[in-house]
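Below is one structure, written out as structure tokens; comments come after it.
Order of the sequence lines fixes the chain letters, A, B, ..., with proteins taken first and strands second; residue numbering starts at 1 for each chain.
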Protein chains: 2
Amino acid sequence: MARKKYQEIAEHFELLVLSGRLRPGDRLPAERQIMEEFDAGRSSVREALFSLQRQGLLTSRPGAVPRVSTPTVDGMFAELSGSMRHYLNRPEGLREMQDARALLEIGLARRAAQTASGDDIKKLEKALDANRAARDLDTFVQTDVAFHLAIARISRNPVFEALNAALSDWLKDQRVKSSASGASFEEVADQHVKIFEAIKNKDVEAAAEAMDRHLAIVVDRYWKAVM
Amino acid sequence: MARKKYQEIAEHFELLVLSGRLRPGDRLPAERQIMEEFDAGRSSVREALFSLQRQGLLTSRPGAVPRVSTPTVDGMFAELSGSMRHYLNRPEGLREMQDARALLEIGLARRAAQTASGDDIKKLEKALDANRAARDLDTFVQTDVAFHLAIARISRNPVFEALNAALSDWLKDQRVKSSASGASFEEVADQHVKIFEAIKNKDVEAAAEAMDRHLAIVVDRYWKAVM
DNA sequence: TAGGAGAATTGGTCTTACAAGTTTATCAGC
DNA sequence: GCTGATAAACTTGTAAGACCAATTCTCCTA
């Protein structure tokens, strides 16, 4: 049996979706019906549906027939969180991901400085103020994440938003540890001010520079904290 | 039954791995042994192993006992390729991903210009020459991918390598269509030369600029080709 | 030491069973 | 006739167990 049965079933419905004959929101046949249609056991049908679910092509809740849905970037990154937790468990993995985050955030800062509208600046300033007003660790970390997310949003690209959110989540531990370790909130918030000012002044190089320095300090502080 | 049986089994082995009592390469017990150990049926054991496999924690081949393995970035991005195909099926999705690729590649070009060693330059030049020597579409696309990958490798970060490779794969169609549509290989190869020269001269801004222009042209040509 | 036969093991599939949730149909009351 | 609650029917989630084929592992033999 070259082609597994569950693959055959999965491909069948995948094609129906790709070709548009099944549209988001449509209801799929019940498992028993699919069983008959393909002369398959329930395990095969369920494995096929499971595979489609992992691809974000359908959502299923207990008791109800599955419905077709469109994959989102958020959903895709959510798929990774399981593997990512183990990947970041190794020091090299964590270092590599911190490095990747830096490239992303510096690039986003650069873009923000290039393209930010007046409204964007206003929103960013609000996020900045919230961060500066933070007095406890929880609030500080949360507003810190929000500030960086606001910068990502300026790109108007959902991929960057989702990536930024996902990386914030994966590296949350780093944020907490490096914030908790000694440094005053003001110091970090001051770096945020520098980033904000550069974006506001549309000074692309200064924005990239400020973000670079900011992340380098945060990462450095994290490694000092855990050692 | 609050905690599902397969979750219990999965968590048990996940903890063994996280705590280091099971190390990469170690052999897991046979499925039947696990069944006895947890007083579970085979479906539960298989579902648990399946879940661990998705997290990249173990690899299993037919006939052999599963072995512990560490998740790799390549593996993680491979997980996404299914969802990604559907995501890119929508024009906005494709545009967003092209944009994301641009930010990555421009950032990598910048880094390459900052940090490239003599050896890196030599390897990059080799990739460039191979690309310039390409005479047919297949070879051209393949050497084009290799050139961009060589730039990514200069970062010395497996995450960027894997990301670059994954994006090349996901956007392969774009490369083929935009290469096939009218433009001479020389024109594109000339843009590669500009990028290479900038990296070689450690001119960071020129490298970013050249990569930006290069990608903009390629993307532009793709959209003209498909419309 | 090399090769091959047989045992061990997993992968894939099917069947059956029950629990838990959702949808649909029915019916009483207004 | 319409509305709302209740029950029946349906559907998925979880689980156990059985079978065969394909692959790997082990050990014995030459």
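- Applying the 3.5 Å distance criterion, the base of D:dG13 shares no donor-acceptor pair with the side chain of A:Arg61.
- Within the 4.0 Å cut-off from OP1 or OP2 of D:dG13, at least one side-chain nitrogen or oxygen of A:Arg46 is found.
- You'll find that the side chain of B:Glu47 is closest to D:dT14, out of D:dT11, D:dT14, C:dT23.
- With the nearest nucleotide of DNA chain C identified for both B:Pro62 and A:Gly41, B:Pro62 has the one nearer the 5' end.
- Counting heavy atoms from C-beta outward, B:Phe13 and B:Leu58 have side chains that stay 4.5 Å or more apart.
- Between the C1' atom of D:dT11 and the CZ atom of A:Arg67 lies a distance of 13 Å, rounded to the nearest Å.
- Nearer the 5' end of DNA chain C, as judged by each residue's closest nucleotide, is the contact made by B:Gln33, out of A:Phe38 and B:Gln33.
- Nucleotide D:dT14 holds its C1' atom 16 Å from the CZ atom of B:Arg42, rounded to whole Å.
- Put simply, the side chain of B:Asp120 gets close to the backbone of B:Ser117: a donor and an acceptor are under 3.5 Å apart.
- Ring-plane geometry between B:His192 and B:His148 is classed as perpendicular, the angle between the planes exceeding 60 degrees on a 0 to 90 degree scale with a lower cut at 30.
- Taking side-chain N and O atoms only, B:Ser43 has no distance below 4.0 Å to OP1 or OP2 of D:dG17.
- Across the protein-nucleic acid pair, B:Glu36 atom CD and D:dA16 atom P stand 13 Å apart, rounded to whole Å.
- Contact check, A:Ser60 against D:dG13: a side-chain N or O comes under 4.0 Å of OP1 or OP2.
- We find that CZ of B:Phe50 is positioned 17 Å from C1' of D:dA15, with the value rounded to whole Å.
- Counting to the nearest Å, the C1' atom of C:dG12 and the OH atom of A:Tyr6 are 9 Å from each other.
- Contact annotation: the side chain of A:Val218 never approaches that of A:Arg175 to less than 4.5 Å [non-hydrogen atoms, C-beta and beyond].
- OP1 and OP2 of C:dG12 both lie 4.0 Å or more from every side-chain N or O belonging to A:Ser44.
- Atom P of nucleotide D:dT14 and atom CD of B:Glu8 are separated by 14 Å, given to the nearest angstrom.
- Nucleotide D:dA16 holds its C1' atom 12 Å from the CD1 atom of B:Ile9, rounded to whole Å.
- B:Asp119 has a carboxylate O that lies under 4.0 Å from a charged side-chain N of B:Lys123, or vice versa, which qualifies the two as a salt bridge.
- When each of B:Met35 and B:Arg27 is assigned the nucleotide of DNA chain D with its nearest heavy atom, B:Met35 is the one assigned upstream, toward the 5' end.
- When rounded to the nearest whole Å, the span between CD of A:Glu31 and C1' of C:dC14 equals 14 Å.
- Proximity note for B:Lys4 (side chain, C-beta onward) versus D:dA15, C:dT13, D:dC25: the nearest is D:dA15.
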